[in-house]
Amino acid sequence: MKQIKTFLIAAIALVGFQTINAQAKTAHVDVNEIMTKMPAVLDAQTQLKKLSDTYTVEYKTMVDEYQGKLKKYDTEASTVTDAVNQTRQQEVQDMQKRIGDYQETAQKDLQKKESDLMKPITDKVKASIQKIGKAKGYQYVINAADLLLADGPDLTADVKKDLGF
């Protein structure tokens, strides 16, 4: 009977020990905090804002010109011939199309520029997280934004230091 108890205790201890060893080491990092305070991200945002402002000014100029012509053509519509009104109507439709095309092109350009600027930055952050995680012996590093409870090792400060800020 004593041998059975000893065997059971040893078996339970062995299973418990294996379970502890089988658990993966995890940590978390706040990627949002890193990205919002990283100097390279702030520079990219400044460049995007400047480009966006340029597109906005050009778009506003086009819309103002369109509205001015539309107002002028509406007030003159009764004093000109049907042929002139048809020509003006076609011109206004062409302007609407150009404005729409410009807005669509500007949006695509901004998205492409954002992707071009941010991809190297996000790659650098990801590489840093992997480097720090591996150096500290973690098998998983999870973004803190995805966690309901982040009560464990936080590598955010280490990643920031590795990235130089």
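Source: prediction; values computed, not measured. Start at 1 with the first residue, then count along the sequence.
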Participant: For residues Val92 and Val84: do they belong to one hydrophobic cluster (side chain heavy atoms under 4.5 Å, members Ile, Leu, Val, Met, Phe, Trp, Tyr)?
Facilitator: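 No, Val92 does not connect to Val84 through the hydrophobic network.
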
Participant: First locate atom CG of Leu48, then atom CG of Asp43, and finally report the distance between them rounded to the nearest 0.5 Å.
Facilitator: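 Spacing of CG (Leu48) from CG (Asp43) equals 11.0 Å.
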
Participant: Are Ile129 and Ile142 connected, step by step, through hydrophobic side chains (Ile, Leu, Val, Met, Phe, Trp, Tyr) whose heavy atoms are closer than 4.5 Å?
Facilitator: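 Unlinked, Ile129 and Ile142 end up in two clusters.
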
Participant: Can you give me the closest heavy-atom contact between Met35 and Ile121, atom names plus distance?
Facilitator: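 Nearest heavy atoms, Met35 then Ile121: CE-CG2, 4.1 Å.
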
Participant: Got Tyr138 and Thr26 here, is their nearest side-chain heavy-atom distance under 4.5 Å?
Facilitator: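 A side-chain contact is absent here, since even the closest heavy-atom pair is not under 4.5 Å.
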
Participant: Are Lys112 and Asp109 close enough that some pair of their side-chain heavy atoms sits under 4.5 Å apart?
Facilitator: no

Participant: Apply side-chain contact (heavy atoms from CB on, under 4.5 Å) to the pair Arg98 and Met95, showing each step before the final yes or no.
Facilitator: CA-CA 5 Å; Arg98 279 195 312 269; Met95 287 180 79; 3.1 Å; yes

Participant: Can you give me every donor-acceptor pair (side chain of residues 151-162, partner residue at least two apart or in another chain, under 3.5 Å) with its distance?
Facilitator:
residue : atom : partner : partner atom : Å
Asp154  : OD1  : Thr156  : N            : 2.9
Asp154  : OD1  : Thr156  : OG1          : 2.6
Thr156  : OG1  : Asp30   : N            : 2.8
Asp158  : OD2  : Lys136  : NZ           : 3.4
Lys160  : NZ   : Glu33   : OE2          : 2.6
Asp162  : OD1  : Lys131  : NZ           : 2.8
Asp162  : OD2  : Ser128  : OG           : 2.6

Participant: For Asp123, is there an ion pair with Lys119 - N to carboxylate O distance below 4.0 angstrom?
Facilitator: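 Salt bridge between Lys119 and Asp123, a charged N being under 4.0 Å from a carboxylate O: yes.
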
Participant: What distance separates Asn143 CG from Ile34 CD1, expressed to the nearest 0.5 Å?
Facilitator: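 Separation between the atoms: 8.5 Å.
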
Participant: When rounded to the nearest 0.5 angstrom, what is the spacing between NZ in Lys134 and CD1 in Ile132?
Facilitator: 12.5 Å

Participant: Under a single-linkage definition using a 4.5 Å side-chain heavy-atom cutoff for Ile, Leu, Val, Met, Phe, Trp and Tyr, are Val41 and Leu117 assigned to the same hydrophobic cluster?
Facilitator: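 No; Leu117 is not reachable from Val41 via cluster members.
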
Participant: More than 12 heavy atoms of other residues, nucleotides or ligands under 6.0 Å from CZ of Phe165: yes or no?
Facilitator: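 Correct, the count exceeds 12.
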
Participant: Would you compute the distance between atom OH of Tyr55 and atom CD of Gln103 and round it to the nearest 0.5 angstrom?
Facilitator: 13.0 Å

Participant: Roughly how far, to the nearest 0.5 Å, is the OH atom of Tyr73 from the CZ atom of Arg88?
Facilitator: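 Answer rounded to 0.5 Å: 5.5 Å.
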
Participant: Atom CG of Leu70 and atom CD of Gln96: how far apart are they, to the nearest 0.5 Å?
Facilitator: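 So the gap between those two atoms works out to 7.5 Å.
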
Participant: How about Asp94 and Gln90: does a side-chain donor come under 3.5 Å of a side-chain acceptor?
Facilitator: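 Result is yes, a qualifying pair exists.
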
Participant: Looking only at non-hydrogen atoms, find the nearest pair between Ala144 and His28 and report the distance.
Facilitator: CB-CD2, 3.9 Å

Participant: Name the atoms and distances for all side-chain donor-acceptor pairs under 3.5 Å in residues 58-65, with sequence neighbours left out.
Facilitator:
residue : atom : partner : partner atom : Å
Lys60   : NZ   : Asp64   : OD2          : 3.1
Thr61   : OG1  : Val57   : O            : 2.9

Participant: Taking a hydrophobic cluster as the set of Ile, Leu, Val, Met, Phe, Trp and Tyr residues connected by side-chain heavy atoms closer than 4.5 Å, whether directly or through intermediates, do Val31 and Met118 fall within one such cluster?
Facilitator: yes

Participant: Mind jotting down which residue pairs meet the side-chain hydrogen bond (donor to acceptor under 3.5 Å, both in side chains) criterion with at least one end in residues 44-53? Sequence neighbours excluded, please.
Facilitator: Lys49-Asp53

